[in-house]
Amino acid sequence: MAAAPAAPAAPAAPAAPEPETLAAFEAAKGFMPAQEGLALYAAAVEAGAALGLPLLEVGTYCGRSTLLLADAARATGTVAVTVDHHRGSEEQQPGWDYHDPEVVDPEVGRMDTLPTFRRTLHRAGLEEHVIAVVGRSPQVAKVWGREVGLVFIDGGHTDEHATHDYEGWAPHIAEGGLLVIHDVFPDPVDEWTGQAPYRIYLRALGSGAFTEVSATDSLRVLRRTGPGI
């Protein structure tokens with residue numbers, strides 16, 4: 001009897017975002033450099049292709065990095081979830097270097113990045129690949145009920161907020177899934193911009209639950225290789 005024909009190989013995951021997505025990323029409001037964005041995209045594609053689970057982002061802002069997660073989700077048949085209260089983190093408030101008056105709601109006098117985020121997704125044609133959750137990260141994490149293939153932490157940069165993001169979301173990362181942390185700056189001179197992310201990065205490594213996969217400038221990618229956080 002002749003052997004049954006082999007099943008066709010699954011299509012290879014793309015090595016880079018679609019050109020139109022990359023152009024939208026470059027045009028969007030936000031702070032992530034292109035090289036770090038490409039590293040995030042590669043991690044998201046790897047996690048999406050391997051596990052088929054949601055790709056979750058903490059800290060949406062105006063959707064610059066969300067575009068890359070959405071493109072990766074589209075390419076691998078999963079979905080990107082992004083969590084933010086859309087009132088801005090500490091360094092984005094009036095009087096600080098990262099404040100943008102264009103995203104202040106004139107009626108309430110507070111930041112509101114949600115309309116800009118929605119326009120960013122719409123222009124890129126990626127709305128159907130994203131679930132946007134409007135709320136504070138620790139509250140959302142408490143009611144989240146399933147595993148995810150990737151968690152990207154890019155929220156508030158105080159120890160309080162970075163720790164809550166890590167403790168709230170790291171337990172949801174599946175075995176073999178990825179933890180990605182942005183703005184990891186080991187130099188103490190960067191206390192405001194990157195020391196809190198650096199400390200949760202060290203905590204993840206010290207836990208024995210995560211192993212570092214790659215480092216691209218301030219972006220760190222770790223894989224879950226054991227239980228716990």
Run the side-chain donor-acceptor check on residues 133-145: report pairs under 3.5 Å with partners two or more places apart or on a different chain.
| residue | atom | partner | partner atom | Å |
| --- | --- | --- | --- | --- |
| Arg136 | NH1 | His85 | NE2 | 3.4 |
| Ser137 | OG | Asp165 | OD1 | 2.7 |
| Ser137 | OG | Trp169 | NE1 | 3.0 |
| Trp144 | NE1 | Arg146 | O | 2.8 |

Are [X] and [Y] grouped together when hydrophobic residues (ILVMFWY) are joined by side-chain heavy atoms under 4.5 angstrom apart?
X	Y	answer
Ile131	Val151	yes
Leu179	Val184	yes
Phe117	Val83	no
Leu219	Leu178	yes

Between Val58 and Asp154, is any pair of side-chain heavy atoms under 4.5 Å apart?
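Of all side-chain heavy-atom pairs linking Asp154 with Val58, none is under 4.5 Å.
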If you define the side chain from C-beta out and look only at heavy atoms, does anything of Glu36 sit under 4.5 Å from Phe31?
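No, side chains not in contact.
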Does Leu38 have any side chain to side chain contact (heavy atoms under 4.5 Å, CB included) partners at least two apart in sequence or in another chain, and if so, which?
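Leu38 satisfies side chain to side chain contact (heavy atoms under 4.5 Å, CB included) with Pro17, Leu22 once adjacent residues are dropped.
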Please check if the number of heavy atoms outside Gln35 that lie under 6.0 Å from its CD is greater than 12.
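Check fails, neighbour count at 12 or below.
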Using atom types as modelled, flag every donor-acceptor pair under 3.5 Å from a side chain in residues 220-229 to any protein atom, sequence neighbours excluded.
| residue | atom | partner | partner atom | Å |
| --- | --- | --- | --- | --- |
| Arg220 | NH1 | Asp217 | O | 2.6 |
| Arg223 | NH1 | Glu46 | OE2 | 2.9 |
| Arg223 | NH1 | Gly176 | O | 3.4 |
| Arg223 | NH2 | Glu46 | OE2 | 2.7 |
| Arg224 | NE | Ile173 | O | 2.8 |
| Arg224 | NH1 | Gly226 | O | 2.7 |
| Arg224 | NH1 | Gly228 | O | 2.9 |
| Arg224 | NH2 | Ala170 | O | 2.7 |
| Arg224 | NH2 | Gly228 | O | 3.3 |
| Thr225 | OG1 | Thr211 | OG1 | 2.9 |

Checking Asp71 now: which residues fulfil side-chain hydrogen bond (donor to acceptor under 3.5 Å, both in side chains) with it, not counting sequence neighbours?
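For Asp71 the side-chain hydrogen bond (donor to acceptor under 3.5 Å, both in side chains) partners, ignoring immediate neighbours, are Thr21, Tyr41, Arg74.
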By side-chain hydrogen bond (donor to acceptor under 3.5 Å, both in side chains) - contacts of Thr60 (at least two apart)
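With neighbours one apart ignored, the set is Thr82.
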Residues two or more places apart in sequence or in another chain: which of them pass ring-ring contact (aromatic ring centres under 6.0 Å, His included) with Tyr201?
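Listed in chain order: nothing, the list is empty.
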Give me the atom names and distance for the closest heavy-atom approach of Leu69 to Ala44.
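Reported closest heavy-atom pair: CD2-CB, 3.7 Å.
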